[in-house]
Amino acid sequence: ASRFFVLRALMRRLAVRRHALTEADLERYVEALSPPGALRAALAYYRANLWREPMTWARASRICAHTLVIWGLNDPSLSPVLLDGLDSVAPNLRIHRVPACGHWVQAEAAAEVNGVMLDFLGST
């Protein structure tokens, strides 16, 4: 409705570095989520997990691959507490925490994220 007004507002609200998401960026997201079923698919993860018990890594399968997690520490949706115990299922885990960054860490701290990813990919 209204060219995804609610989605645009939500995306702006989840960003800590609000200048990182331009109107052109939001328009690209709207374009990508406009085809039938695209928004439903994008929200399926959140819908499936919204009312579940808090995550416990004890039930998770072991991940042997080298794993990088980049996390915005001020994400209003996903608390850094979710990282606690992750290394118990991913022993080859590297966590990079980005301070003063929200949910859209790839947009809010693009240079830092790219650097961390290149370093990680070069070391594995």
Are I95 and L82 connected, step by step, through hydrophobic side chains (Ile, Leu, Val, Met, Phe, Trp, Tyr) whose heavy atoms are closer than 4.5 Å? yes
The reported gap from CG in L14 to CG in L21 (rounded to nearest 0.5 angstrom) is 9.5 Å
Steps toward side-chain contact (heavy atoms from CB on, under 4.5 Å) verdict (I70, M117):
CA-CA 9 Å; I70 302 173; M117 289 178 66; 3.7 Å; yes
- Query: Between S88 and R62, is any pair of side-chain heavy atoms under 4.5 Å apart?
  - Reply: no
When rounded to the nearest 0.5 Å, the distance separating CE of M11 from CZ of F4 is 11.5 Å
Here the gap from S123 atom OG to R94 atom CZ, rounded to the nearest 0.5 Å, amounts to 4.0 Å
A42 and L33 have their tightest heavy-atom pair at CB-CD2, 3.7 Å
>> Is it the case that the side chain of T67 and the backbone of A65 share a donor-acceptor pair, with hydrogens and angles ignored and the cut-off at 3.5 Å?
In response: yes
In the single-linkage hydrophobic clustering (I, L, V, M, F, W, Y; side-chain heavy atoms under 4.5 Å), do V116 and L121 co-cluster?
-> yes
Closer than 3.5 angstrom, by distance alone: can the side chain of D87 be matched with the main-chain N or O of A90 as a donor-acceptor pair? no
- Give the cluster check for V105 versus V69: same hydrophobic cluster or not, with ILVMFWY residues linked at side-chain heavy-atom distances below 4.5 Å. no
Checking side-chain contact (heavy atoms from CB on, under 4.5 Å) for the pair E112/V98: CA distance, chi angles, key distance, verdict?
CA-CA 8 Å; E112 183 174 350; V98 183; 3.7 Å; yes
Donor-acceptor contact below 3.5 Å, side chain E108 vs main chain C101
no
Between the CG atom in L78 and the NE2 atom in H103, the distance rounded to the nearest 0.5 Å is 5.5 Å
Rounding to 0.5 Å, atoms CZ (R8) and CZ (R3) come to a distance of 6.0 Å
message = Under 3.5 Å, is there a donor on one side chain and an acceptor on the other for N92 and H66?
response = no
(Q) Taking V81's backbone N and O only, do any of them form a donor-acceptor pair with S79's side chain (distance below 3.5 Å, no angle check)? (A) yes
Flag, side chain of D25 to backbone of T22, donor-acceptor distance under 3.5 Å: yes
Task: salt bridge (Lys or Arg N to Asp or Glu O under 4.0 Å) evaluation trace for R12 with E23 - done: CA-CA 10 Å; R12 285 186 189 102; E23 287 303 316; 2.6 Å; yes
Should we say atom CD of E27 is surrounded by more than 12 heavy atoms from elsewhere, each under 6.0 Å from it?
yes
Is it true that L68 and I63 fall in one hydrophobic cluster, defined by side-chain heavy atoms closer than 4.5 Å?
no
Begin from the C-alpha positions of W71 and L83 and carry the test side-chain contact (heavy atoms from CB on, under 4.5 Å) through to its verdict. CA-CA 9 Å; W71 203 276; L83 298 170; 3.4 Å; yes
Rounding to 0.5 Å, atoms CZ (R17) and CH2 (W104) come to a distance of 15.5 Å
